[in-house]
Colleague: 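The following block contains the structure, expressed as C-alpha cells.
Chain naming here is simple, since letters A, B, ... match the order of the sequence lines and numbering starts at 1 in each.
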Amino acid sequence: MTSRYSPQEAEPRWQSAWSDADIFKAKPGHEAGDQPKAYILEMFPYPSGRLHIGHVRNYAMGDVVARHKRAKGFNVLHPMGWDAFGMPAENAAMQRGVHPGTWTYENIAAMKAQFAKLGLSLDWSREFATCDPDYYAAQQALFLKFLEGGLVARKSAKVNWDPVDHTVLANEQVVDGKGWRSGAPVEQRELTQWFFKITDYADSLLEDLQTLERWPDKVRTMQANWIGRSEGLQMKFEFSAEAEDTRSDGIEIFTTRPDTLFGASFIALSPDHPLTLALAETTEGLADFRSACAAVGTSEEAIEKAEKIGFDTGLRVKHPFLDGKTLPVWIANFVLMGYGTGAIFGCPAHDQRDLDFARKYNLDVRPVVLPQGADADDFDVAAEAYTGPGTIFNSDFLNGLPIEDAKRDATRRISDMKLGEARINYRLRDWGISRQRYWGCPIPIIHCRTCGAVPVPEADLPVVLPEDVSFDQPGNPLDRHPTWKHVPCPTCGEAAVRETDTLDTFVDSSWYYTRFAAASGKDDAGYWMPVDQYVGGVEHAVLHLLYARFFTRAMRDCGLLDLASGEPFAGLFTQGMVTHETYRGADGEWLSPADIERQGDKLVDRKTGAAVAVGPIEKMSKSKRNTVDPDAIIKEFGADVARWFVLSDSPPERDVEWTQSGAEGAARFVQRIWSLFAEVPREETKTPTDDTAAATALQKINHRAVASIDETIEGFRFNSSVATIHEWVAKLKKAETGEASLISARLEGLSMLARCLTPFMPHLAEECWAALGKTGLVSEAPWPVVDKALLVDDEIVLPVQVNGKRRAEIRVAPDTNKEDIEALAFSDAAVASQIDGKAVKKVIVVPGRIVNIVV
RNA sequence: GCGGGCGUGGCGAAAUUGGUAAACGCAGCAGACUUAAAAUCUGCCGGCCUUCGGGCCUUGCCGGUUCAAUUCCGGCCGUCCGCACCA
C-alpha cells in the first residue's frame with residue numbers, strides 16, 4: 001500500500017534543508033565566471049502584516065522563473081524586501097497610538113514568517129526595508145546628486161489639499177473629489193514643492209518604449225498615452241491697438257491645428273492663467289467667475305457634466321494672417337493651465353468644445369476644412385464640429401491643401417513672421433515629490449533666510465526621522481516637533497529650519513532593485529542590471545514603472561549606475577488577480593467563504609443554516625469578504641497546492657478564480673504524483689525485456705514533456721506547463737503496468753518529472769527526488785537535457801481533408817515525399833467515397849501537416 | 001470622447017508558423033471496489049440527425065482573403081481596463 005504524502009510534515013523539513021544549505025544565495029559578479037546571470041524580481045510588497053493570495057500568485061510566478069533559470073545553469077538573483085514607508089503606518093499610529101516604525105517592523109516579521117512557508121527560492125541575504133535608515137540615507141544622497149545634476153526643481157504648483165488631515169494627497173488618493181481617508185472635499189492649493197524633472201526625459205521615455213520587446217503592449221501603450229506627445233505650433237497672438245496698455249505684448253497659445261487658423265474666432269485663457277490672475281484684480285466680476293470655475297469638482301462625473309462657461313475680458317488680439325481682423329479674448333473653464341500654455345485659440349467649426357462655447361456666447365463659426373465631396377458654397381457646421389479629413393478652404397494661402405500640408409505651411413508662415421514655432425508638447429508633468437507626512441524619507445534640505453534652500457552636507461547624512469513624535473493631532477508631526485527642524489544653516493551658520501516634507505513613497509520603489517543588485521559589492525549593480533524578468537500587478541503600469549525608468553536614466557546620467565540602455569526592466573510580466581465568488585446571507589450582509597457550507601446542491605450559512613445567495617465572481621476584497629487566507633490554505637493543503645492551483649487554471653496574465661474544489665483537485669494531484677514515487681523500482685531490477693518499442697515510446701513521452709515544459713515556462717504559459725505535467729503523470733501511471741513495467745524508461749521519466757516539478761511544487765519535488773534515492777537537493781539539480789532525436793516521430797498522422805473538411809487520417813514516415821503521401825491519401829476508402837468520381841481540381845500536400853483535396 | 005484588451009462546451013481553458021477546434025482541469029453522469037461511506041480506479045461528457053457505417057452544424061454577429069480562418073483583413077455587437085474638457 002502506498003503511503004500518503006504529508007505536506008504539513010514535509011514542507012517545513014525541506015524549507016529548513018534549503019535554508020541550512022543556503023542554496024539560493026546569488027554569486028557576486030566576479031565569482032560567476034562565464035555563467036550567465038538572471039535577475040528575477042517580483043514587485044516588493046508593502047508590509048501590511050498579512051500575505052494575501054494575490055501575493056502567492058505573484059511570487060509563485062517569479063519563483064517558477066527563478067528556479068527554472070537556476071536549473072538551467074544561470075547565476076540567479078532573486079531577492080526580497082519591503083516597501084515600508086507610507087500612510088497605513090501613520091493611520092495605525094493615529095488609531096492605536098503605536099509608533100509607525102514599530103508597527104511596520106512587526107508587520108515585516110509577521111509577513112516574513114508567512115513567506116517562509118511558501119518555499120520560495122529567495123536570497124534573503126540582501127533583504128532591506130525602505131524605512132531602514134541605511135536605505136533612506138542612500139536615497140537622500142541620490143536626491144542631492146540629482147539636485148546637483150539639475151534634475152530637481154523647487155516650484156509652486158497646484159496640489160490636492162486635504163483640509164481635515166492637513167496634507168497633500170496624491171491624485172490617486174482623491175476619490176470623487178474627496179480625501180480617501182477623511183472624506184473631506186479636496187481643495188486645490190498652490191504650494192511650493194520639490195519636483196523631479198521627469199519631463200527632461202519625456203522623449204527618451206517615449207522613444208525607448210519601442211525597445212522594450214518583452215513588455216506587454218498594454219503597458220507600453222498606457223505609458224505612451226500618459227507621456228502624451230503632441231506636435232503642434234506654439235505662437236503668440238498680439239494685442240490689437242486699442243488694448244496696447246495691457247501688461248504683456250500678447251498671448252501665447254499652443255495648437256495642434258495650425259491649419260485651421262483662418263477659422264479662429266476667439267482666444268480662451270485658463271481661469272488660472274497669469275493674465276487672468278492679473279485681470280482679476282481690476283476687472284469687475286472676474287474674481288467671482290474664477291471661484292465659480294473652481295467650485296466645479298475634479299471628479300470624472302463633475303467634469304463630464306460641467307457646463308462650459310466663459311468670461312469676456314473685453315481685450316482683443318490681432319489675427320496673424322488677416323489684416324484688421326481682431327479676436328475677442330475670453331476666459332473659459334475648459335482650458336487647463338496644466339497643458340500647453342494655458343491658452344488656446346478657438347476654432348468652433350472644427351472642435352466640439354469650441355463650438356459649444358461659441359454657440360453659447362454667439363461667437364463666429366467659420367468652416368475652413370471641406371470634407372471630401374462637399375460643396376464649398378453649401379458646407380456649414382451646425383451642432384457638430386467637423387474633425388475629419390478634408391481640404392482647406394476659406395483660408396487664403398492655404399486653400400486647396402490637405403490638412404497635413406496646411407499645418408506645415410501655416411507653421412512656416414507664423415515662424416517667418418517671428419510669432420512662434422513648431423513645438424512638441426507633452427502631457428507628462430514634472431513629478432511632485434513633497435509630502436507633508438512623517439513616515440517617509442526626509443528631504444535633505446535646510447531652509448535659511450539668507451542662503452535659501454541649502455542641501456544637507458554629505459557628512460551630515462542621513463537626516464534621520466525623530467522617534468519621539470505624536471500623532472494626536474492632524475498635520476505633519478515633523479513640522480510641529482519641538483526641536484528636530486531647528487538647525488544652523490550649513491553655509492552661514494545662522495538659525496535655519498529643516499525641510500519638514502518627506503519624499504513621495506514612489507521614490508523609494510523607484511530604485512530599490514539597484515540596491516538589491518549592489519548588495520554584493522558596489523560594482524555589482526552594473527553586473528546584475530537590468531532586471532531580466534520583473535513580475536507584478538498591472539496597476540503599476542504607469543506610475544511605478546515610469547518613475548523607475550526615469551530613475552535609472554537619472555542615475556546613469558549622474559554617474560551612479562552603469563546601465564547603457566537606461567532601462568531598468570528588460571522583461572516585464574503583469575499577472576492577473578485572484579478572484580472569488582461572493583456570498584450574501586439572508587440579511588444581505590456579505591459572508592466569507594469560510595462561513596459557507598455546501599448542503600446538497602445548496603449553499604448555507606454555517607452558523608445559522610440559512611440559505612446563501614451566490615453573487616458575482618470578483619476581485620478579493622475585505623469589503624466583499626470574499627478573501628481566502630493563505631495561512632489557512634497552507635495549513636489545510638500545503639504551499640505546493642496553493643502554488644500549483646494559482647498557476648494552473650488560467651493564463652498568468654488573466655484573473656484566476658479561487659475555488660475550494662479546484663484546491664482539492666490540486667491536492668488530489670499531489671497524492672497522485674506521490675503514488676508514482678512511493679514505490680519505485682530500483683535500477684538493479686532492470687530486466688532484458690526493457691528495450692522494447694513501448695520503452696522507446698515512453699522515452700519519447702518523457703523528452704517531449706520536458707521540451708514542452710521548457711517552452712511553456714519560458715513563454716509564461718504556466719497553465720500549459722500544468723496541463724503537460726498532468727498528461728505526463730497519467731502516462732507514467734499507465735507505464736507502471738505491462739511491458740515489464742518499462743523500468744529504465746520509467747525511472748528516467750520519474751527523475752525528469754521530479755526536476756520539472758521543482759519550479760511549481762518544490763517541496764513535493766524534493767520528496768520525490770529523495771524517494772528515487774538521489775543524493776543532494778533537486779532544487780540544485782540541473783534541468784533535464786532533452787534528446788532532440790527523441791522529439792522526432794518515426795510515423796506521423798496526417799489528416800486528409802476533402803474541400804477543407806477532415807475525412808480521413810493516414811500514417812506516414814515524416815520524410816515521406818509528396819507523391820507518396822498523395823497516393824496514400826487517394827487510396828483511402830473514406831476519401832474515395834467523398835470524391836465520388838468528381839474531378840479533382842487541386843491537391844495540396846503540406847508535408848508534416850495536412851493533405852487537402854479540392855474537387 | 002480617445003486608446004487598448006477580451007469574446008471558444010455547464011465553468012476555467014488549449015490549439016504561439018493560417019493546417020485534425022475543444023488538449024488539461026473543475027463540475028456532472030454511469031460503472032468497479034466497499035456492509036456502507038470516504039478514498040481510489042474505469043468509462044462518458046458542444047448541438048442536431050442516424051439505417052450505428054457515419055452525416056450535418058458549431059470558436060459573439062455579418063462580410064472578405066485563402067485549397068484551408070479560433071488565428072489574417074473590414075464592419076458591427078457585447079464586455080473589461082486605462083486615460084479623459086490635453087487644444
Colleague: Does the side-chain hydrogen bond (donor to acceptor under 3.5 Å, both in side chains) test come out yes or no for A:K218 and A:T574, once each step is laid out?
Modeller: CA-CA 10 Å; A:K218 179 190 167 105; A:T574 52; over 6 Å; no
Colleague: Applying side-chain contact (heavy atoms from CB on, under 4.5 Å), can you list everything that pairs with A:K842, at least two apart in sequence or on another chain?
Modeller: A:I844, A:V854
Colleague: Taking only residues two or more places apart in sequence, or in another chain, which ones meet A:S650 in a side-chain hydrogen bond (donor to acceptor under 3.5 Å, both in side chains)?
Modeller: none
Colleague: With ring centroids as reference points, do A:F669 and A:H726 lie under 6.0 angstrom apart?
Modeller: yes
Colleague: If you count every heavy atom of other residues, nucleotides or ligands that lies below 6.0 Å from A:E421 atom CD, does the total exceed 12?
Modeller: no
Colleague: Enumerate the protein-to-nucleotides 15-17 of chain B contacts in which both atoms are nitrogen or oxygen and the separation is below 3.5 Å.
Modeller:
from  : atom 1 : to     : atom 2 : distance (Å)
B:A15 : OP1    : A:R717 : NH2    : 3.4

Colleague: When you get a sec, tell me which of B:A27, B:A84, B:A23 is the closest nucleotide to the side chain of A:S661?
Modeller: B:A27
Colleague: What integer number of Å spans the C1' atoms of B:G7 and B:A14?
Modeller: 16 Å
Colleague: Looking only at the side chain of A:S230 (C-beta and beyond, no hydrogens), which of the listed nucleotides B:A87, B:C85, B:A13 gets closest?
Modeller: B:A87
Colleague: Could you tell me whether A:N719 contacts a base, only the sugar-phosphate backbone, or nothing, with contacts defined as non-hydrogen atoms closer than 4.0 Å?
Modeller: sugar-phosphate
Colleague: Applying side chain to side chain donor-acceptor pair (under 3.5 Å), which residue pairs with at least one partner in residues 700-719 of chain A are found, sequence neighbours left out?
Modeller: A:H68-A:D710, A:K72-A:D710, A:K700-A:D794, A:N702-A:W728, A:H703-A:E748, A:R704-A:D793, A:S708-A:T724, A:D710-A:W783, A:T712-A:S721
Colleague: Rounding to an integer number of angstrom, what distance separates B:C29 and B:C45 when you compare their C1' atoms?
Modeller: 8 Å
Colleague: Do the side chains of A:R807 and A:D828 get close enough for a salt bridge, i.e. N-O under 4.0 angstrom?
Modeller: no
Colleague: Starting from the 5' end of RNA chain B, give me the residue, A:E664 or A:V656, whose nearest nucleotide shows up first.
Modeller: A:V656
Colleague: Would you mind telling me which of B:U20, B:A87, B:A84 lies closest to the side-chain atoms of A:R427?
Modeller: B:A84
Colleague: Grab the CD-P distance between A:E657 and B:G10 for me, whole Å please.
Modeller: 17 Å
Colleague: Tell me the stems RNA chain B sits in, counting at least three consecutive Watson-Crick or G-U wobble pairs, each under 3.5 Å on both distances.
Modeller: B:1-7 with B:77-83, B:10-12 with B:24-26, B:28-32 with B:40-44, B:46-49 with B:54-57, B:60-64 with B:72-76
Colleague: Grab the CG-C1' distance between A:D272 and B:C85 for me, whole Å please.
Modeller: 14 Å
Colleague: Kindly give the heavy-atom pair with the smallest separation between A:I633 and A:A642, and that separation in Å.
Modeller: CG2-CB, 3.9 Å
Colleague: Taking the nucleotide of RNA chain B with the nearest heavy atom to each, does A:D649 or A:T221 sit closer to the 5' end?
Modeller: A:T221
Colleague: In whole Å, what is the span from the CD atom of A:E231 to the P atom of B:A87?
Modeller: 12 Å
Colleague: Can you pull every protein N or O that's under 3.5 Å from an N or O on nucleotides 39-42 of chain B?
Modeller:
from  : atom 1 : to     : atom 2 : distance (Å)
B:C41 : OP1    : A:R672 : NH1    : 2.5

Colleague: With rounding to whole Å, what would you report as the distance between B:U58 and B:G47 at their C1' atoms?
Modeller: 7 Å
Colleague: Between B:U17 and B:U70, how far is it from one C1' atom to the other, in whole Å?
Modeller: 15 Å
Colleague: What's A:S648 touching, base or sugar-phosphate or nothing? Going by heavy atoms closer than 4.0 Å.
Modeller: nothing
Colleague: Within a 6.0 Å radius of atom NZ on A:K619, are there more than 12 heavy atoms belonging to other residues, nucleotides or ligands?
Modeller: no
Colleague: Look at atom CD of A:E384 and say whether more than 12 heavy atoms of other residues, nucleotides or ligands are closer to it than 6.0 Å.
Modeller: no
Colleague: Could you check how far CD1 of A:I424 sits from P of B:A87, rounded to whole Å?
Modeller: 14 Å
Colleague: If the condition is side-chain contact (heavy atoms from CB on, under 4.5 Å), which residues does A:T199 pass it with, not counting sequence neighbours?
Modeller: A:L428, A:D430
Colleague: For the pair A:Y5 and A:W674, name the ring-plane relationship: parallel under 30°, tilted 30 to 60°, perpendicular over 60°.
Modeller: tilted
Colleague: Would you please say whether a donor-acceptor pair under 3.5 Å links the side chains of A:Q533 and A:R214?
Modeller: yes
Colleague: Taking side-chain hydrogen bond (donor to acceptor under 3.5 Å, both in side chains) as the test, write out the residues that go with A:D354, two or more places apart.
Modeller: none
Colleague: Mark up nucleotides 51-62 of chain B, 5' to 3', with B wherever a protein heavy atom is under 4.0 angstrom from a base atom, S wherever such an atom reaches only the sugar-phosphate, and - elsewhere.
Modeller: ----SSS-----
Colleague: Which nucleotide, B:G12, B:C81, B:C86, lies nearest any side-chain atom of A:K218?
Modeller: B:C81
Colleague: Determine whether the aromatic ring centres of A:F357 and A:W330 lie less than 6.0 Å apart.
Modeller: yes
Colleague: Using the purine O4'-C1'-N9-C4 or pyrimidine O4'-C1'-N1-C2 torsion, is B:G9 syn (within 90° of 0) or anti?
Modeller: syn
Colleague: With side chains defined as the heavy atoms from C-beta onward, is the minimum distance between A:V329 and A:F311 less than 4.5 Å?
Modeller: no
Colleague: Could you give the distance separating B:U59 and B:G63 at their P atoms, to the nearest angstrom?
Modeller: 13 Å
Colleague: When you compare B:A68 with B:G19, how far apart are their C1' atoms, in angstrom units rounded to a whole number?
Modeller: 7 Å
Colleague: At under 4.0 Å between heavy atoms, what does A:V335 touch on the DNA or RNA strands: base, sugar-phosphate, or nothing?
Modeller: base
Colleague: Which letters describe nucleotides 63-72 of chain B, given B = protein heavy atom under 4.0 Å from base, S = only from sugar-phosphate, - = neither?
Modeller: ----BS----
Colleague: In whole angstroms, how far is the C1' atom of B:A87 from the CE atom of A:M235?
Modeller: 14 Å
Colleague: Rounding to a whole Å, what distance do you find between A:N225:CG and B:G5:P?
Modeller: 12 Å
Colleague: Can a side chain N or O of A:N333 be found less than 4.0 Å away from OP1 or OP2 on B:C85?
Modeller: no
Colleague: Using the P atom as the point on both nucleotides, what is the distance between B:G64 and B:U16, in whole Å?
Modeller: 25 Å
Colleague: Just how far, in rounded Å, is C1' of B:A23 from CD1 of A:I701?
Modeller: 15 Å
Colleague: Which residues pass the side-chain hydrogen bond (donor to acceptor under 3.5 Å, both in side chains) test with A:E404, sequence neighbours left out?
Modeller: A:K407
Colleague: Verify whether one side chain among A:Q223 and A:R549 offers a donor that lies under 3.5 Å from an acceptor in the other.
Modeller: yes
Colleague: What's the CZ-P distance between A:R229 and B:A87, to the nearest Å?
Modeller: 13 Å
Colleague: Apply the syn/anti split at 90° from 0 to B:G53 and say which one it is.
Modeller: syn
Colleague: Does OP1 or OP2 of B:G12 have a side-chain N or O of A:R654 closer than 4.0 Å?
Modeller: no
Colleague: Which residues pass the side-chain hydrogen bond (donor to acceptor under 3.5 Å, both in side chains) test with A:Q352, not counting sequence neighbours?
Modeller: A:D356
Colleague: Sticking with atom P, work out how far B:A23 lies from B:G12, rounded to a whole angstrom.
Modeller: 15 Å
